[in-house]
Number of protein chains: 2
Amino acid sequence: MSAMTESTPATAEQIAAQLTEAVHEHRLQPGAKLREDEVCEIFGVSRTIVRQALRSLEFEGLLTIEKNRGAFVSKPTLKEAHEVFQARALLEPSTARAAAERANAADIGLLEQHIEAEHAALDRDEAGLALKLSGDFHLEIARIADQHTIEQFLRQLVSRSSLVIALYWRRRNALCESNAHHALVEAMQNRDGDNAEELMKGHLLDIYSQLDLRNREEGSVSLKEALRL
Amino acid sequence: MSAMTESTPATAEQIAAQLTEAVHEHRLQPGAKLREDEVCEIFGVSRTIVRQALRSLEFEGLLTIEKNRGAFVSKPTLKEAHEVFQARALLEPSTARAAAERANAADIGLLEQHIEAEHAALDRDEAGLALKLSGDFHLEIARIADQHTIEQFLRQLVSRSSLVIALYWRRRNALCESNAHHALVEAMQNRDGDNAEELMKGHLLDIYSQLDLRNREEGSVSLKEALRL
DNA sequence: AACACGTATATCGTATACAATCTTGGCTTA
DNA sequence: TAAGCCAAGATTGTATACGATATACGTGTT
């Protein structure tokens with residue numbers, strides 16, 4: 001994460017945003033520890049503020065705070081991974097439909113810009129950035145649908161999806177999905193709610209099916225395995 | 001809210017739980033202010049702990065914290081009221097289906113106990129308690145469905161529903177809904193997922209249709225109106 | 001040599017003191 | 001009298017100091 005260069009001290013919200021970005025871009029891996037003093041020094045604020053930021057990220061599901069041990073980037077279990085995508089499957093298709101029925105030209109333009117930015121990031125081999133932008137695309141649809149409550153939930157689900165992807169994503173056949181986003185925008189441009197809903201449903205299943213559902217072992221175990229080589 | 005009588009100081013979680021209960025039971029009305037010092041004295045803890053509790057309730061949507069002004073019980077707008085029930089309509093029917101397919105005898109017994117407690121509360125004219133129990137019933141279904149992520153979201157939605165009901169509920173024909181809960185349990189007992197899903201959908205629409213959707217004015221305005229009488 | 005125990009250190013949890021901000025009441029003035 | 005302004009008090013925001021807990025390391029014992 002980048003240090004603050006401004007003169008005014010960072011707010012808890014800004015710190016939370018930067019940490020979120022780092023996790024979404026996989027610069028901070030699940031399991032990574034965030035020591036309070038360390039974060040304090042990086043952002044030049046007191047622990048009070050940092051603790052606020054960490055606490056808010058715990059509520060979002062991004063961090064797990066263990067009493068007297070500290071804050072760690074969450075490591076969703078396989079069950080949680082399932083639950084996240086089941087919840088998304090319930091919320092997002094009908095939200096895509098509503099967005100398709102409401103989207104104006106400016107909205108469409110913004111989504112297209114988004115897709116371009118994704119492609120550009122991939123071209124520059126910044127897979128983390130592309131992943132973050134991909135998540136933002138889904139949030140943007142909820143915003144267009146003018147469903148603030150669902151957008152709020154989706155924010156948490158996208159956050160957790162990012163962790164799930166970090167843990168369970170198959171590296172091969174990595175990036176076949178930008179077409180799905182493009183097709184969605186096309187449906188929205190045509191005011192085709194039915195199609196948008198179906199495309200979103202399929203898109204989520206696509207992502208879900210690309211997860212490796214075998215249970216990952218803990219780091220300590222994989223260290224043991226490594227020593228046997 | 002009742003003061004703590006225990007010897008050990010209250011935790012932030014306990015304080016949050018008691019405040020939540022008070023709001024759910026409508027002993028604390030939307031718009032009510034919660035001064036930090038006041039809450040400190042009631043629970044015998046320092047402001048650090050109280051601020052944690054208030055902050056967590058803000059994340060749940062129960063409180064709204066205005067910078068340098070304090071924490072208030074949230075007053076959902078009409079749009080937010082709509083959004084809450086739209087989100088519930090997306091999440092709860094399929095959750096009821098899953099619960100129906102998973103519920104065992106103990107689960108059914110618990111739900112029946114819940115309904116009885118609701119009736120008992122109504123008989124004692126404790127409408128607030130009955131309302132809280134009614135919300136817990138919905139959460140219990142998510143627990144039975146073994147959908148922790150959805151349960152978490154539903155907890156927030158039930159909380160906000162309680163605020164919506166406090167603001168927009170029509171007093172007349174107050175309590176025709178306990179039958180709906182009973183019918184749901186029956187469907188679950190019969191392992192009838194289809195029916196459980198449909199019943200839940202109808203139940204949510206019922207509640208929603210009993211809300212008074214005319215825009216309420218602020219307290220100051222209603223005071224003016226009151227002076228004209 | 002391996003294990004258990006105790007102490008030292010690092011880290012988090014809580015209380016408190018101080019600073020910043022808002023609110024309230026009284027005063028002035030048009 | 002009503003409106004505007006200033007000062008005092010009340011309330012929240014932040015930093016820091018202290019206490020509690022967990023971790024790591026070294027020592028002693030088997």
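These values consider heavy atoms only, across backbone and side chains, with no hydrogens, waters or symmetry-generated copies.
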Taking any heavy-atom pair under 4.0 Å as a contact, classify [X]: base, sugar-phosphate, or nothing.
X: R47(B); result: base
X: R51(A); result: base
X: E38(A); result: nothing

Taking the nucleotide of DNA chain D with the nearest heavy atom to each, does V45(A) or A71(B) sit closer to the 5' end?
A71(B)

With nearest nucleotides of DNA chain D determined for D37(B) and T48(B) from heavy-atom distances, which residue corresponds to the more 5′ nucleotide?
D37(B)

Backbone N or O of T20(B) within a donor-acceptor pair of the K132(B) side chain at under 3.5 Å?
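Here the side-chain-to-backbone pair does not exist.
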
Any sub-3.5 Å donor-acceptor pair from Q18(B)'s side-chain atoms to I15(B)'s backbone N or O?
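No, Q18(B) side chain to I15(B) backbone: no donor-acceptor pair under 3.5 Å.
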
Applying the side chain to side chain contact (heavy atoms under 4.5 Å, CB included) test to L131(A), which of H26(A), E25(A), E118(A) qualifies?
H26(A)

Using the rule given for side-chain contact (heavy atoms from CB on, under 4.5 Å), can you reason through L62(B) versus V73(B), listing the C-alpha separation, both sets of side-chain angles and the distance that settles it, and then say yes or no?
CA-CA 6 Å; L62(B) 217 67; V73(B) 178; 5.8 Å; no

Can you tell me if R69(B) touches the phosphate of dC22(C), counting only side-chain N or O atoms and a distance under 4.0 Å to OP1 or OP2?
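The answer is no; no side-chain N or O of R69(B) sits under 4.0 Å from OP1 or OP2.
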
In whole angstrom, what separates [X]'s [atom1] from [N]'s [atom2]?
X: E41(A); N: dA10(C); atom1: CD; atom2: P; result: 13 Å
X: Q52(A); N: dC12(C); atom1: CD; atom2: P; result: 17 Å
X: L54(A); N: dT11(C); atom1: CG; atom2: P; result: 14 Å
X: E36(B); N: dT16(C); atom1: CD; atom2: P; result: 15 Å
X: K67(A); N: dC12(C); atom1: NZ; atom2: C1'; result: 9 Å

Answer yes or no: are there more than 12 heavy-atom neighbours, outside E116(A) itself, under 6.0 Å from its atom CD?
no

Chain A on DNA chain D: first and last contacting nucleotide, 5' to 3', under 4.0 Å to a heavy atom?
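Going 5' to 3' along DNA chain D, contacts run dT14(D) to dT23(D).
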
Taking side-chain hydrogen bond (donor to acceptor under 3.5 Å, both in side chains) as the test, write out the residues that go with E83(B), two or more places apart.
T149(A), K79(B)

Result for side chain to side chain donor-acceptor pair (under 3.5 Å) between H24(A) and one of S161(A), S159(A), S162(A) points to S159(A)

